[in-house]
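Heads up: the structure comes next, in structure tokens.
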Amino acid sequence: MKDTPDEGRPALIDGRAFEPRALTNVLLGIIAFALALFLMVQAKFILISLAIAIILFSLTSEAINAVGRLRIGPVSIPPRLASLVALALIAGGLLTLSAVLISQVNTVVTMVLNYAGPAQQAIAQLFGWMGPEVEQSVLESMQSIQVAGYLTTLAGQASNLLSATILIILFVGFLFAERIWFDAKLNSLMGDSESAERIARMVGTIMRRVNHYLLVKAIVSAVTAVAVYGVFTVGGFDLALPVAIITFALNFIPSIGSIIATVIATLAVYVLTQNPYTSGTVLVAVGILQFVIGNVIDPMLMGHALRLSSFGIIISLAFWGAVWGLPGMFLAVPIMVALMIICAQSPRLRPLAVLLSREGLPDMDH
């Protein structure tokens with residue numbers, strides 16, 4: 001029997017009907033992503049403060065639970081009292097850290113103003129082997145840089161740090177106040193206890209991995225900063241404390257942070273001494289320290305806790321650096337960890353989790 005001409009036409013019609021629908025979904029997804037990106041850029045001050053507050057809350061919540069389980073004879077520590085103590089410690093620590101950073105920024109600004117001229121000449125002398133014309137051209141280019149304008153911007157960013165600190169403290173305080181009702185709200189939101197328990201496990205996994213990453217990074221960064229401070233102190237160089245603080249902060253940025261910190265330390269010594277051999281010695285010393293600590297101690301302490309792709313980390317650094325600037329680069333890895341774990345729980349989004357993972361196994365348990 002021959003097929004009738006109309007056979008297969010409904011499938012063709014369904015296929016043609018499916019294509020516009022899929023195209024519409026793709027366009028809507030692009031529009032939603034663009035809108036979300038626009039809102040993230042416009043509200044970055046609030047969102048960055050909220051992200052840091054959530055991380056601080058995550059770091060201290062387990063400690064509060066442990067304190068709440070302690071007993072002094074028949075008396076136990078109330079959770080509210082433990083939360084208040086934790087909030088007071090966080091507020092004091094953040095305000096102290098902000099004061100230290102602002103003080104160091106002022107020190108750096110003063111030193112840069114004093115060494116602006118010698119620094120420009122010292123950098124231009126690096127190109128002296130290419131001829132006096134090239135050296136003079138580089139010097140003129142360096143002198144055309146508006147150093148005062150950049151320093152004014154830096155001072156303004158430092159003044160915004162205090163506002164951000166107060167906002168972070170407020171966010172953390174409200175999170176501590178709401179933590180008692182998190183489980184009840186999650187049960188009401190999900191509608192059944194099984195789904196709520198699954199979401200709670202997922203959130204717990206994110207918190208554990210991010211906390212482990214941040215604690216290890218804090219230890220490694222502190223060791224590196226102390227080592228760099230020791231190098232500057234033994235060499236008798238100024239700016240030992242500012243360079244150590246910059247090294248501590250930049251080591252939280254994976255892959256490129258340690259390189260930038262090493263370059264800054266070397267340039268600082270070269271500007272202070274204008275001696276290429278001395279600065280080269282510091283480059284070798286700090287470079288060896290960064291290499292040993294970053295490639296031996298860091299992986300040994302970190303283990304396989306993150307399971308993140310190195311290429312994915314670079315992409316995440318580029319994306320969040322473009323969206324939120326330097327704070328976004330600090331938050332890139334915690335956000336990537338959360339995204340990978342969340343995507344691993346959805347069958348449709350699991351391929352993205354596989355791409356973000358280092359071994360193609362974005363499992364939750366470790």
Side-chain angles (χ1 to χ4, degrees), residues 100-101 104-105 107-112 114-132 134-135 138-139 141-142 145 147 150 154 213 216-303 310-311 313-314 317-318 321 326 329-330 332-333:
V100 172
L101 290 177
Q104 293 305 311
V105 166
T107 301
V108 171
V109 168
T110 303
M111 293 291 291
V112 170
N114 293 333
Y115 285 94
Q120 292 170 349
Q121 294 177 359
I123 294 175
Q125 289 175 1
L126 291 175
F127 299 87
W129 61 274
M130 301 178 66
V134 176
E135 181 179 348
V138 172
L139 180 60
S141 300
M142 295 294 298
I145 298 176
V147 178
Y150 288 112
L154 179 62
Y213 166 77
V216 170
K217 273 298 180 183
I219 294 172
V220 172
S221 298
V223 171
T224 308
V226 170
V228 172
Y229 182 85
V231 170
F232 270 65
T233 302
V234 171
F237 308 123
D238 294 331
L239 297 177
L241 185 58
V243 172
I245 293 176
I246 292 173
T247 300
F248 175 81
L250 289 177
N251 269 268
F252 277 88
I253 301 177
S255 303
I256 63 174
S258 58
I259 298 175
I260 298 175
T262 303
V263 172
I264 290 176
T266 304
L267 287 178
V269 172
Y270 182 72
V271 169
L272 291 171
T273 63
Q274 298 187 18
N275 189 327
Y277 299 104
T278 304
S279 57
T281 303
V282 172
L283 173 63
V284 173
V286 175
I288 292 175
L289 288 172
Q290 291 279 10
F291 180 82
V292 172
I293 295 174
N295 292 276
V296 178
I297 299 178
D298 193 353
M300 182 176 62
L301 295 176
M302 192 70 69
S310 300
F311 181 72
I313 291 176
I314 296 298
L317 286 174
L326 189 60
M329 300 180 75
F330 286 100
V333 172

Practice task
Could you tell me whether the side chain of Thr224 reaches within less than 4.5 Å of the side chain of Phe248, counting heavy atoms only?
Solution key: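 No; the side chains remain at least 4.5 Å from each other.
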Measuring from atom [atom1] of [X] to atom [atom2] of [Y], what distance do you get when rounded to the nearest 0.5 angstrom?
X      : Y      : atom1 : atom2 : result
Asn251 : Ile259 : CG    : CD1   : 11.0 Å
Ser221 : Ile293 : OG    : CD1   : 9.5 Å
Leu250 : Thr262 : CG    : OG1   : 9.5 Å

Practice task
I would like to know whether Thr247 and Gln290 meet side-chain contact (heavy atoms from CB on, under 4.5 Å); could you show each step before the answer?
Solution key: CA-CA 10 Å; Thr247 300; Gln290 291 279 10; 3.7 Å; yes
Practice task
Carefully, step by step, assess Phe237 and Val282 under the rule side-chain contact (heavy atoms from CB on, under 4.5 Å).
Solution key: CA-CA 11 Å; Phe237 308 123; Val282 172; 3.7 Å; yes
Exercise for the section: Take Lys217 and Val333, measure what side-chain contact (heavy atoms from CB on, under 4.5 Å) needs, and give me the verdict at the end. Expected result: CA-CA 11 Å; Lys217 273 298 180 183; Val333 172; over 6 Å; no
Heavy atoms only: give me the nearest [X]-[Y] pair and the separation to one decimal.
X      : Y      : value
Phe252 : Phe330 : CB-CD2, 3.6 Å
Ala227 : Leu289 : CB-CD1, 3.7 Å
Ala244 : Ala225 : O-CB, 3.3 Å
Pro254 : Leu317 : O-CD1, 3.4 Å
Ala268 : Val243 : CB-CG2, 4.3 Å

Please tabulate, for the side chains in residues 228-235, all donor-acceptor contacts under 3.5 angstrom to protein atoms that are two or more places apart in sequence or on a different chain.
| from | atom 1 | to | atom 2 | distance (Å) |
| --- | --- | --- | --- | --- |
| Thr233 | OG1 | Tyr229 | O | 2.7 |

